[in-house]
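Bear in mind that the values here come from a model prediction, so they are computed numbers and not experimental data. Values below: every heavy atom of this structure, side chains too, minus hydrogens, waters and symmetry copies. As the structure lists them, so they are numbered: ligands from 1, and atoms in each ligand from 1.
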Amino acid sequence: MSRKGQAPEARATWKALRAHQKDFGPVHMRDLFARDRKREQRFSAKACGIRLDFSRHLITGKTLRLLSKLVQEAGVGDLRDRMFAGEHINTTEDRAVLHVALRAAKKDRFRDGEQDCTADVHAMLTRMERFVGGVHDGSIRGLRARKPFTDVVNIGIGGSDLGVGMALKALHHHRVASLRVHTVSNIDGAELADLLEELDPRTTLFVVCSKTFTTQETMTNAAVARRWIVGALGAAAVARHFAAVSTNDEAMDEFGIHAESRFGIWDWVGGRYSIWSAVGLALALAIGMDNFRAFLAGGRAMDRHFRKAEPEQNLPMLLAMLSVWYNDFLGANSQAILPYDSRLGRFPAFLQQLHMESNGKSVSRDGRAIRVPTGTIIWGEAGNNAQHSFYQLLHQGTRYVPVDFIAPDEASSPLTDPHRLALVNMLAQATAFAFGQTAEEVRADLEAEGMDKQAIRDLAIHKVHRGNRPSTLIRFRRLDPRTLGSLVALYEHKVFTEGAIWGINSFDQWGVELGKKLAREMEAQV
Ligand code: F6P
């Protein structure tokens with residue numbers, strides 16, 4: 001039964017976890033593996049083609065049992081069911097949280113009060129399909145162009161940019177050959193200026209993506225792009241060279257967005273959860289509508305799993321349980337995301353917003369000050385680059401950073417052998433993090449190299465790797481649209497579960513609003 005309103009640290013299981021953490025003592029993963037030969041099988045789970053190996057963690061069967069009890073005691077299942085039922089669980093904005101409806105099958109029933117969300121979503125997908133098809137076959141083209149659009153530029157920021165940018169890179173090998181799709185987000189002008197130098201206005205389509213259509217960065221970039229188009233092709237070209245995704249019809253009218261090229265979004269979709277909506281238009285243009293629908297199907301499969309599986313087999317819940325264990329009981333305050341596939345190079349940035357804008361809060365859903373650490377700091381970088389950048393700190397630093405390794409079994413490019421090496425590196429790193437290298441092992445290595453005794457005495461301590469550094473391996477067969485959809489939904493529901501455990505409303509972002517307001521006020525003075 002749910003215990004809404006109870007502070008996390010007041011829960012019986014929270015206290016039991018504290019006691020368990022003290023009993024745990026200075027255990028080493030070497031011992032955990034030595035004691036249990038089946039550890040890798042016991043601490044692994046699979047769903048939607050994604051395999052989690054969480055054996056390299058400072059947990060025992062008891063830890064897992066207590067954490068899954070915490071999930072139950074915190075009422076995660078109850079809140080999840082209320083989210084899927086369209087209740088207004090985003091209480092500070094009085095909104096439903098129904099990004100899951102964006103990937104619904106036609107038969108699924110999602111409502112926000114009187115609104116039939118499933119029907120509206122499918123009507124929107126049909127319109128997107130028509131638009132994407134028209135751009136691809138050239139029936140939708142520039143004002144003075146003899147050939148179809150060659151370039152699409154998504155202008156947006158935060159949730160109106162990060163998902164699109166991440167997925168464009170991740171699914172590069174699924175793109176349609178005839179179209180290049182770019183993203184512009186920052187306000188300083190450099191990104192857009194560099195891009196415009198390369199583009200031909202006659203064959204460039206801009207997608208202005210902004211739920212509010214008031215965001216300063218996006219509106220500034222859109223205005224520059226508009227001037228560029230009008231300068232080259234005249235004012236009549238705006239209606240042909242701009243599409244938009246927004247809730248703000250009035251602002252789209254004022255900008256000159258043609259009715260056929262505007263796509264709505266709803267209040268029940270948060271920016272950082274919006275890649276599944278028409279916010280994904282630039283992505284759909286890049287990979288085609290069949291692939292976009294496969295991406296949605298992947299998200300839907302993870303939704304089903306999240307709703308049905310028991311906590312100890314539930315992938316999003318498992319990730320959240322581990323995260324809470326380290327964040328709140330073992331003193332880690334950040335987590336690194338380390339994909340061993342360059343295509344997932346923007347995944348850490350995408351996850352930063354998803355986690356930190358959702359759970360970076362210090363007040364609970366019912367208005368209490370939260371007294372336990374919340375909102376894990378997320379950071380990371382793609383595989384081998386990271387090894388040659390910050391892994392030193394991860395291996396031997398005084399800080400303690402659990403990591404998620406993510407990789408497909410198959411290469412995302414024709415270069416299969418280098419991908420094999422990337423996987424070897426990932427597994428080697430996971431092994432080094434877990435087991436380290438003891439002083440005896442270091443000394444034996446140095447002796448075998450023929451080093452003299454005094455030099456060994458001086459050097460050995462610098463080469464010791466304490467190990468015991470936790471990591472999760474997240475593996476799947478290949479990085480395709482469906483799997484990417486499941487992967488994104490996996491983390492969305494992880495964030496949801498963490499927020500429910502901490503008692504946070506993961507769906508507002510008041511912390512971003514103050515800065516926006518001040519920037520607007522100061523704009524006149526600078
Ligand atoms: O960064 C804060 C934020 O409000 C995000 O939640 C949102 O994704 C982003 O700004 C962009 O907002 P909009 O889509 O309205 O331009």
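- In terms of polar-atom proximity, T218 is not counted as a contact of ligand 1, lacking any N or O under 3.5 Å from an N or O of the ligand.
- Both tests pass for R127 against the ring of F263: distance under 6.0 Å to the centre and angle within 45° of the axis.
- For ligand 1, the atoms lying closer than 4.0 Å to a non-hydrogen atom of S210 are 13 (P), 14 (O), 15 (O), 16 (O).
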Show me, pair by pair, the donor-acceptor contacts under 3.5 angstrom made by side chains of residues 222-229, not counting sequence neighbours?
{"from": "R226", "atom 1": "NE", "to": "F255", "atom 2": "O", "distance (Å)": "3.0"}
{"from": "R226", "atom 1": "NH2", "to": "F255", "atom 2": "O", "distance (Å)": "3.1"}

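- Less than 4.0 angstrom separates some heavy atom of T212 from each of these atoms of ligand 1: 13 (P), 15 (O), 16 (O).
- Shortest contact from atom 5 (C) of ligand 1 to any protein heavy atom: E357 OE1, 3.3 Å.
- Within the structure, ligand 1 has Q353 among the residues with a heavy atom less than 4.0 angstrom away.
- Of the possible polar contacts, none joining the R180 side chain to the V152 backbone as a donor-acceptor pair under 3.5 Å is found.
- The pair R95-D112 fails the salt-bridge criterion, with no side-chain N (NZ, NE, NH1 or NH2) lying under 4.0 Å from an Asp/Glu carboxylate O.
- With ligand atoms numbered from 1 in the order given, ligand 1 contributes 9 (C), 11 (C) to contacts under 4.0 Å with heavy atoms of I157.
- Residue G159 places at least one N or O, backbone or side chain, under 3.5 Å from an N or O of ligand 1.
- Within the listing of ligand 1, atoms 12 (O), 13 (P), 15 (O), 16 (O) sit less than 4.0 angstrom from a heavy atom of T215.
- Remark: R141 is not positioned above the aromatic ring of F149, lacking an NZ or CZ atom under 6.0 angstrom from the ring centre and at most 45 degrees off the axis.
- When only non-hydrogen protein atoms are considered, atom 10 (O) of ligand 1 lies nearest to K516 NZ, 3.6 Å.
- Using a cutoff of 4.0 Å between basic side-chain nitrogens and carboxylate oxygens, R202 and D200 are scored as salt-bridged.
- Comment: R272 does not engage E492 in a salt bridge, judged by the lack of any side-chain N to carboxylate O separation of less than 4.0 angstrom.
- Taking every non-hydrogen atom of V512 and a distance limit under 4.0 Å, the qualifying atoms of ligand 1 come out as 1 (O), 2 (C).
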